[in-house]
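Remarks on the structure that follows.
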Amino acid sequence: MRLTFTIQRFNPEVDSTAHPQEIRLDVGRGMTVLDALIRIKQECDGSLALRYSCRSAICGSCAMTINGSEKLACRTSLRKELERHGQITVAPLRNFPVIKDLVVDMAPFWRKIRDVQPWLSPGSARRREGGGGVHSHPQFHNVDACIMCGACVAACTVHEVSKEFAGPAALAKADRFLSDPREARASTKARLSALQGEHGIWDCTRCNFCVEVCPKDVQPMEAIIRLR
């Protein structure tokens, strides 16, 4: 089957604004959007820039906007997208600076992750309850499954208008460490105080888009509600 892919292109060296490009490609049954993009780069246009690594929905590198929604290209079926939308349009993640084509600058994202101090604070840790291992502790609410793909930030309506908002990924990461039984009690109060400041937990409008697009069912909005 021959499909037409509409891909948003942007080369800062020659383009003033992004523009769509249509590329036709013969595709096979069972192909993912990432499979198709790799073939487009290899067979049709070697200048296409995209980011990917594991191809197994583990690294989060191939997150992009597919048919208007944030998804991992490596786990997005071409057949299902065609059945649902009748077309394949691909663009970079929203709310991120575009470096080239489908590659975005993740530096602001990582800065916000570092700002919430994603590590255990020193001090007298709380006594762990029960005999289970820390990594399976039920208090984490699956937040530790986050692969840092940035899809939730791209879908966030608050981040769209307020670039300084900490964002769902960073706040979910904060919730994960505040829920850790090894976290020092004295540090908990300081962490929560910082998160209540400007651009923190109270800026979230509970639009739920971060929950809808998360490929790992982390449910960042629920983490923000727990922090509140």
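Please read these numbers as outputs of a predicted model, since none were measured by experiment.
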**Message:** Give me the atom names and distance for the closest heavy-atom approach of Cys156 to Asn95.
**Reply:** O-ND2, 3.3 Å
**Message:** Test of understanding: clusters of I, L, V, M, F, W, Y form through side-chain heavy atoms closer than 4.5 Å, transitively. Do Leu78 and Met64 belong to the same one?
**Reply:** yes
**Message:** Do the side chains of Asp115 and Arg111 get close enough for a salt bridge, i.e. N-O under 4.0 angstrom?
**Reply:** yes
**Asked** Taking atom CG of Leu34 and atom CZ of Arg51, what is their separation to the nearest 0.5 Å?
**Response** 13.0 Å
**Fill in**
Sorted by chain and number, sequence neighbours left out, side-chain contact (heavy atoms from CB on, under 4.5 Å) with His85 holds for Asn67, Lys71, Glu81, Gln87
**Prompt:** About how many Å separate CD1 of Ile40 and CD of Gln21, when rounded to the nearest 0.5 Å?
**Reply:** 9.0 Å
**Message:** Tell me whether Arg191 contacts the main-chain N or O of Gln117 through its side chain, where contact means a donor paired with an acceptor under 3.5 Å.
**Reply:** yes
**Leu195 side chain near Val116 side chain, heavy-atom distance below 4.5 Å** = yes
**Asked** Can you find a pair of side-chain heavy atoms, one from Ser69 and one from Val213, that are under 4.5 Å apart?
**Response** yes
**Asked** Got Leu192 and Ile201 here, is their nearest side-chain heavy-atom distance under 4.5 Å?
**Response** no
**Prompt:** Do Ile147 and Cys59 touch side chain to side chain, with heavy atoms closer than 4.5 Å?
**Reply:** no
**Message:** A side-chain contact here means heavy atoms from C-beta on lying under 4.5 Å apart; do Phe10 and Ile99 qualify?
**Reply:** no
**Prompt:** Which heavy atom in Cys210 sits nearest to a heavy atom in Cys152, and how many Å separate them?
**Reply:** CB-CB, 3.6 Å
**Prompt:** Side chain of Arg94, backbone of Gly68: donor and acceptor closer than 3.5 Å?
**Reply:** yes
**Asked** Are Val218 and Phe209 joined in one hydrophobic group, where the rule is that I, L, V, M, F, W and Y side chains link up if heavy atoms are under 4.5 Å apart?
**Response** no
**Request:** Looking only at non-hydrogen atoms, find the nearest pair between Ala49 and Asp101 and report the distance.
**Result:** N-OD2, 3.0 Å
**Which atom of Ala36 lies closest to which atom of Phe5, heavy atoms considered** = CB-CZ, 3.5 Å
**Message:** Could you measure the distance from the CD1 atom of Ile88 to the CG atom of Leu25? Nearest 0.5 Å is fine.
**Reply:** 11.5 Å
**Reported OG-to-CG distance for the pair Ser121 and Leu178, which is rounded to 0.5 angstrom** = 8.5 Å
**Prompt:** Got Arg226 and Val143 here, is their nearest side-chain heavy-atom distance under 4.5 Å?
**Reply:** yes
**Message:** Please say yes or no: joined through hydrophobic side-chain contacts below 4.5 Å, possibly via intermediate residues, are Val153 and Leu93 part of one cluster?
**Reply:** yes
**Asked** Which other residues belong to the hydrophobic cluster containing Met221, where Ile, Leu, Val, Met, Phe, Trp and Tyr are joined when side-chain heavy atoms lie under 4.5 Å apart, directly or via other members?
**Response** Val211, Ile225
**Prompt:** Any chance the side chains of Arg55 and Thr32 put a donor and an acceptor closer than 3.5 Å?
**Reply:** no
**Fill in**
Here the gap from Asp217 atom CG to His141 atom NE2, rounded to the nearest 0.5 Å, amounts to 13.0 Å
**Prompt:** Counting only N and O atoms by type, is there a donor-acceptor contact under 3.5 Å from the side chain of Ser162 to the main-chain atoms of Val158?
**Reply:** no
**Nearest-0.5 Å distance that lies between atom CE in Met148 and atom CE in Met106** = 8.5 Å
**Asked** Any donor-acceptor pair under 3.5 Å linking the side chain of Ser193 with the backbone of Lys189?
**Response** no
**Asked** So does Arg79 pair up with Glu83, basic N to acidic O under 4.0 Å?
**Response** yes
**Asked** Considering only heavy atoms from C-beta outward, does the side chain of Phe177 approach that of Pro118 to under 4.5 Å?
**Response** yes
**Request:** Indicate if Val103 and Phe109 have the same hydrophobic cluster label, given that clusters are the connected sets of ILVMFWY residues with side-chain heavy-atom separations under 4.5 angstrom.
**Result:** no
**Message:** Do Leu102 and Phe96 sit in one hydrophobic cluster, given that two such residues count as connected whenever their side-chain heavy atoms are within less than 4.5 Å of each other, even indirectly?
**Reply:** no
**Message:** Which heavy atom of Phe165 sits nearest to which heavy atom of Gly200, and what is that distance?
**Reply:** CE1-O, 3.2 Å
**Request:** Work out which heavy atom in Thr65 is nearest to a heavy atom in Pro92; give both atom names and the distance.
**Result:** OG1-O, 2.9 Å
**Asked** Does a side-chain heavy-atom distance below 4.5 Å link Pro215 with Arg75?
**Response** yes
**Message:** When you compare the side chains of Lys112 and His159, does any donor N or O come within less than 3.5 Å of an acceptor on the partner?
**Reply:** yes
